[in-house]
Amino acid sequence: MSNKRSVSRLWKGLFVFMAAVLLCAAPDTDVQAKKKIKVKKVTVKSNYGKSVHVAVGKKIKLTTTVKVTPNKSANKKVTYKSSNKKIATVSSAGNVKGVKRGSCKITVTSKKNKKKKAKISVKVVKQVTKVKLNTTSAMIYAGNSMTLKATLSPTSGSYKKVTWSTSDKSVATVSKDGVVKGVGAGTVKIKATSVEGTKKSETCTIKVLAANTINLSSVQILSKHVVRVTLDKARVLTAGNFAVEGKRYTVGTYTRRFKISQVRNYDNKTYDLTLDNTYSISQDSYVRVSIASLPGNGTKSMEAQAVFVKSTAPVTKNWIGVVGDEWNETIDLSDYCYGNISYDVTGSIGGITHKASENALIFSGSFDTVTVGTVMTIHAVDELENEVTQKVNVYVGNESTVVAKAEDMTVLAGKALSEKAFAEAAGGSGSYLYEAEGLPTGLELNEDGTVSGTVTRSGEYKVQVTVSDKENPVRTFKTSAVIKSMEEKKVSGKVMDESGRPVAGAVVTCTNVNDNTVFTGETDATGAYDVYVAEGTYDIRAEKDGTEDHVYSIDVGSAGRQISFIVN
């Protein structure tokens with residue numbers, strides 16, 4: 001028995017000894033775990049970069065990254081601290097809130113290694129109230145780019161940065177600078193969003209056109225019978241490709257179908273459609289042009305309103321007479337205005353009154369006061385609140401006072417000029433001597449105030465004119481005008497009838513739409529004509545025996561222009 005107990009005690013002791021040895025040999029797991037956790041780096045950034053701009057009362061979420069081994073979420077915990085809680089506070093989750101305008105810093109510290117930190121600068125700004133884009137709709141071709149620009153309000157005290165996003169990257173992408181690039185055909189929305197917490201935004205809808213698309217880019221109603229259609233790429237079209245419809249009211253439907261009698265193709269991109277006389281386009285009505293055959297996903301139909309309004313300013317008028325002359329002149333600015341016009345007149349003429357009649361002003365009466373260049377300003381405002389100003393210089397003489405005027409003009413260098421009206425006088429004896437300083441070389445002022453000759457050089461000349469009374473030379477008057485000499489450009493072509501036969505003796509008139517200068521020519525036996533004009537934009541008319549054909553707003557550049565007409 002004693003031997004058995006001894007063996008039993010021996011085994012127990014050996015077991016205890018081995019357990020103790022194993023216990024002593026086992027590592028301290030907590031210490032080992034601490035030794036294995038290694039925080040390498042802490043970084044922090046905002047929703048748009050390496051600093052924070054946050055609006056007063058708004059929040060911005062910080063993005064914190066902790067590089068640590070082992071790469072476990074428990075090892076990535078951090079604390080946040082604001083250097084000035086009166087400027088901005090920060091939550092344990094990294095939400096920075098603006099308190100009042102100013103600057104501070106947020107410090108981010110690793111919980112596993114407090115020596116590992118990162119800082120980010122914070123500036124508290126005014127809240128953005130509005131984001132406005134330079135355009136809210138656009139059209140580009142796939143492969144092409146355009147740049148959007150965002151303006152933020154208020155202009156002072158707010159942060160002007162935005163982030164850009166696209167609703168469909170397969171249609172268009174957008175860079176951090178607002179550069180939009182078309183990728184594929186379709187429609188996409190590009191959004192600009194403020195970054196300081198207000199999340200104010202505006203969106204631009206962009207249509208991306210397939211590469212083969214030809215787009216209808218504009219429709220203009222030039223007259224009651226002419227509609228101009230412009231494409232963004234060249235394509236040969238005939239009358240059968242165009243559908244032209246009309247309606248009278250905005251809320252109406254297109255029930256009228258216009259017949260096209262002639263198509264002028266200028267460059268395979270710009271077409272003038274002359275409509276048959278069966279119907280005319282009335283003021284304020286609408287026209288829709290459709291070209292269903294255009295390839296691609298572009299605009300194939302577009303409407304325009306018939307607003308026959310000149311885009312240029314009225315040319316200054318000069319009125320001249322003597323005391324006692326009856327006067328009746330009309331100022332009508334309806335060609336420059338839309339709808340009803342209200343007039344306001346600054347300045348007055350002795351003995352002359354004015355009254356409104358329809359959309360015009362009628363000036364009438366008898367001159368009773370000498371006036372040596374009184375400026376009368378007529379201010380017109382139309383229904384759309386567009387403003388137009390007409391200036392009138394008034395010269396009134398009498399038996400003892402001479403007055404004079406001179407008219408601005410455009411002449412062609414190298415082209416002979418024969419007795420063109422330039423200066424005119426009134427008052428005194430009625431017989432005058434005209435003298436001029438600054439005339440272009442080759443031009444002379446005649447005894448009757450006309451000019452003639454050939455200007456040798458192009459340029460702009462301010463001419464001073466002195467008019468003296470022949471019977472009493474002490475009675476003089478000085479005035480001035482500008483003579484613009486320009487290189488001649490040729491407008492040429494043919495005038496034919498509907499059967500294709502040449503029309504001889506047709507008069508072709510080119511009227512400059514800016515200054516109303518007129519140049520004319522006549523067709524020969526073959527129907528050909530040449531009219532020499534200055535560079536500019538012209539309305540051109542061919543006329544014979546009461547029938548005529550027009551083109552409108554034709555640009556004549558350095559190479560001149562060729563235009564043909566059909567006159568019945």
Side-chain angles (χ1 to χ4, degrees), residues 218-228 246-252 280-288 303-321 323 325-396 403 405 407-408 481-482 511-518 536-539 550 552-553:
S218 71
V219 170
Q220 298 171 271
I221 302 173
L222 302 182
S223 74
K224 293 181 178 181
H225 291 282
V226 179
V227 178
R228 178 164 293 171
K247 66 178 183 179
R248 188 63 183 268
Y249 303 107
T250 306
V251 296
S280 63
I281 303 170
S282 57
Q283 173 81 355
D284 303 332
S285 66
Y286 294 83
V287 167
R288 181 172 67 190
E303 74 172 17
Q305 188 177 15
V307 181
F308 303 123
V309 174
K310 291 184 177 180
S311 60
T312 55
V315 177
T316 297
K317 291 180 177 293
N318 294 307
W319 293 350
I320 189 167
V323 171
D325 280 353
E326 291 288 333
W327 199 253
N328 194 298
E329 287 284 342
T330 299
I331 296 292
D332 186 351
L333 297 180
S334 55
D335 286 346
Y336 301 87
C337 296
Y338 180 89
N340 294 321
I341 306 171
S342 63
Y343 287 101
D344 180 62
V345 179
T346 301
S348 61
I349 311 167
I352 305 299
T353 60
H354 63 268
K355 65 178 181 178
S357 177
E358 294 294 335
N359 260 358
L361 284 181
I362 298 175
F363 292 80
S364 60
S366 298
F367 293 131
D368 65 7
T369 305
V370 171
T371 300
V372 290
T374 295
V375 178
M376 185 169 59
T377 302
I378 300 158
H379 185 71
V381 180
D382 67 13
E383 289 183 9
L384 299 182
E385 297 185 353
N386 298 316
E387 299 182 19
V388 179
T389 298
Q390 170 77 70
K391 288 192 174 181
V392 180
N393 299 319
V394 183
Y395 306 90
V396 180
V403 293
K405 68 170 184 174
E407 301 286 352
D408 295 343
V482 173
T511 304
N512 188 295
V513 301
N514 292 306
D515 61 15
N516 293 325
T517 301
V518 175
T537 302
Y538 290 84
D539 292 340
H550 283 86
Y552 299 88
S553 298

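Remark: the backbone N or O of F308 is paired with a side-chain donor or acceptor of Q283 at under 3.5 angstrom. Side chain of E383 to backbone of N340: a donor-acceptor contact under 3.5 angstrom is found. Not a single donor-acceptor pair under 3.5 Å links the side chain of Y552 to the backbone N or O of R228.
Under the rule for a side chain to side chain donor-acceptor pair (under 3.5 Å), the partners of E407 that lie at least two apart in sequence or sit in another chain are N318, K405. Checked against side chain to side chain donor-acceptor pair (under 3.5 Å), T330 has no partners two or more places apart in sequence or in another chain. With sequence neighbours excluded, the residues forming a side-chain contact (heavy atoms from CB on, under 4.5 Å) with S342 are V381, listed by chain and number. Every residue meeting the side-chain contact (heavy atoms from CB on, under 4.5 Å) condition with A481, not counting sequence neighbours, appears here in chain and number order: A406, D408, F422. For D335, the side-chain contact (heavy atoms from CB on, under 4.5 Å) partners at least two apart in sequence or on another chain are K310. Listed by chain and residue number, V323, V372, N398, T401 satisfy the side-chain contact (heavy atoms from CB on, under 4.5 Å) test with V370 (two or more places apart in sequence, or in another chain). The ring-ring contact (aromatic ring centres under 6.0 Å, His included) check on Y538 picks up nothing, with sequence neighbours excluded. With sequence neighbours excluded, the residues satisfying side chain to side chain donor-acceptor pair (under 3.5 Å) with T250 are Y286. Here R288 pairs with E245 under the salt bridge (Lys or Arg N to Asp or Glu O under 4.0 Å) rule; sequence neighbours left out. Not a single side chain to side chain donor-acceptor pair (under 3.5 Å) links S223 to another residue, sequence neighbours left out.
Between the CD1 atom of I349 and the CH2 atom of W319 there is a distance of 5.0 Å, given to the nearest 0.5 Å. Rounding to the nearest 0.5 Å places SG of C337 at 10.0 Å from CD of E387. The line from CD1 of I352 to CG of D325 is 9.0 Å long, rounded to the nearest 0.5 Å.
Each side-chain hydrogen bond (donor to acceptor under 3.5 Å, both in side chains) pair with one or both residues in residues 350-371, not counting sequence neighbours, appears once here: E326-S366.
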